[in-house]
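Notes for the one structure printed next.
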Amino acid sequence: MKSNYLLFAYILTAVVELILLGCDLSFSIYLRPICVVLIYSYYVTSTKKNNFFLLFYLTCELVNEMFFLIDFTKYFTLVMLCYSLATFSMLHHLWPLYAKANFKTELNELLRPMLGLIAVMYIFWELTFMVFDNLPNNLVFFPALLALLSWLFFCTLIPVKNKHPDNFALYIMGGAMGVMAPSMFIYEFLWSNTVVLYFSLFSMIVLKIFLVNYLIKLQNILKSREEFF
């Protein structure tokens, strides 16, 4: 029950932070570390253990979001490095599920997600051409793009071969990341509309909620004796 209060407190604080973003950027940024403490405390209270990969992820994302809001162009390299580190760190949790799955059979089951990934990659490819010349540092862009595509790959293919009901959250986590990351670039380099900014930041809130809830259930998913493959 206590953990549910922490989750509610995180959601409330995150929503307030979004509302304040248009009024007082500095106060909005000050609330972000509180959000990290609340969401991580929710995980620890629920699992009764620490997760340093999760803490590392949340810390990198905190730096990523804060400096994106302060000045994305000026701190582009820092934001991209933190994003890459955060995303790759979360793949550590998904790898056991991927390694356990058998992708050598039933190729037809993989056809739809693979076509979806190709479509997403095409969209990102077109977006890349639109913003590439405006990027302050082209070199750090490619590791960030690789991190994003890797995350989408795992979140799309794992539920195909492991049909545990809780793995449906991976689709939402992949979708939230697929919305959040490109919209940051759209807002900064193509269309600086407040709606795009809020859309990006709201997607990050959704991602964190589903990610932490998924990690809370992860051990039960891995230990499940039912056949989901």
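The shortest heavy-atom contact between Ile216 and Tyr42 is CD1-CE2, 3.6 Å. Closest heavy-atom contact between Phe142 and Asn138: CD1-O, 3.3 Å. Here the closest heavy-atom approach between residue Leu139 and residue Asn137 is recorded as N-OD1, 3.0 Å. For the residue pair Phe189 and Asn134, the shortest heavy atom distance occurs at CE2-O, 3.5 Å. Of all heavy-atom pairs between Tyr43 and Lys49, the closest is CE2-O, 3.6 Å. Ser89 and Tyr57 make their closest contact through OG-CB, 3.7 Å (heavy atoms, listed as atom of the first residue, atom of the second, distance).
Interatomic distance, CD1 of Ile34 versus CZ of Arg32, reported as 12.0 Å (0.5 Å rounding). In this structure, CD1 on Ile158 lies 5.0 Å from CG on Leu97, to the nearest 0.5 angstrom. A distance of 10.0 Å separates NZ of Lys208 from CG of Leu211, quoted to the nearest 0.5 Å. Once rounded to the nearest 0.5 Å, the distance linking CZ of Phe68 with CE of Met204 reads 10.0 Å. Atom SG of Cys60 and atom CG of Leu78 lie 9.5 Å apart (nearest 0.5 Å). Taking CG of Leu222 as the start and NE2 of His93 as the end, the distance is 11.0 Å to the nearest 0.5 Å.
Pro33 is not listed as a side-chain neighbour of Val37, based on a closest heavy-atom distance of 4.5 Å or more. Val179 is not listed as a side-chain neighbour of Val206, based on a closest heavy-atom distance of 4.5 Å or more. Counting heavy atoms from C-beta on, the side chains of Cys35 and Ile205 never come closer than 4.5 Å. With a 4.5 Å cut-off on side-chain heavy atoms, Tyr10 and Ile209 count as touching. For the pair Tyr198/Leu18, a side-chain contact is recorded, criterion being any heavy-atom separation below 4.5 Å from C-beta on. No side-chain heavy atom of Val79 sits under 4.5 Å from any side-chain heavy atom of Glu188. Using a 4.5 Å cut-off on side-chain heavy atoms (C-beta onward), Met66 and Val63 make no contact. Within the 4.5 Å cutoff, the side chain of Met90 has heavy atoms near those of the Leu215 side chain.
Ring to ring, Phe168 and Tyr171 are close: their centroids are under 6.0 angstrom apart.
Although no hydrogens or angles enter the test, the distance criterion places no donor-acceptor pair under 3.5 Å between the side chain of Thr87 and the main chain of Ser84. Remark: side-chain polar atoms of Ser200 are not paired, donor with acceptor, to backbone N or O of Val196 under 3.5 angstrom. Without hydrogens or angle criteria, Asn50 side chain to Phe52 main chain gives no donor-acceptor distance under 3.5 Å. In terms of modelled atom types and a separation under 3.5 Å, the side chain of Tyr40 and the main chain of Leu54 share no donor-acceptor contact.
Hydrophobic clustering of Ile, Leu, Val, Met, Phe, Trp and Tyr side chains at less than 4.5 Å, counting indirect connections, unites Phe72 with Phe67. Note on Phe56 and Trp95: separate hydrophobic clusters, where clusters join Ile, Leu, Val, Met, Phe, Trp and Tyr whose side-chain heavy atoms are under 4.5 Å apart, directly or indirectly. Under a hydrophobic clustering in which Ile, Leu, Val, Met, Phe, Trp and Tyr are joined whenever their side-chain heavy atoms come within less than 4.5 Å, directly or via other members, Leu7 and Val36 fall into the same cluster. Note on Met180: it clusters hydrophobically with Leu91, by side-chain heavy-atom contacts below 4.5 Å among ILVMFWY residues. No single ILVMFWY cluster, assembled from side-chain heavy atoms under 4.5 Å apart, contains both Leu85 and Leu207.
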Ser46/Leu6 under side chain to side chain contact (heavy atoms under 4.5 Å, CB included): CA gap, chis, key distance, verdict: CA-CA 10 Å; Ser46 300; Leu6 288 168; over 6 Å; no

What's the verdict on side chain to side chain contact (heavy atoms under 4.5 Å, CB included) for Leu69 and Leu197, showing C-alpha distance, side-chain angles and the deciding distance? CA-CA 9 Å; Leu69 291 172; Leu197 175 61; 4.1 Å; yes

Could you walk me through whether Leu58 and Leu62 pass side chain to side chain contact (heavy atoms under 4.5 Å, CB included), step by step? CA-CA 6 Å; Leu58 293 172; Leu62 173 63; over 6 Å; no

Side chain to side chain contact (heavy atoms under 4.5 Å, CB included), that's the test. Do Met173 and Leu170 meet it? Break it down for me. CA-CA 5 Å; Met173 290 154 55; Leu170 289 171; 3.8 Å; yes

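No more than 12 heavy atoms of other residues, nucleotides or ligands shown are found within 6.0 angstrom of CZ on Phe210. Within a 6.0 Å radius of CZ in Phe88, other residues, nucleotides and ligands contribute more than 12 heavy atoms. Few gaps surround CZ on Phe76; more than 12 heavy atoms of other groups in view lie less than 6.0 Å from it.
With Tyr83 as the partner, the side-chain contact (heavy atoms from CB on, under 4.5 Å) test is satisfied by one option alone out of Glu61, Glu65, Met184: Glu61.
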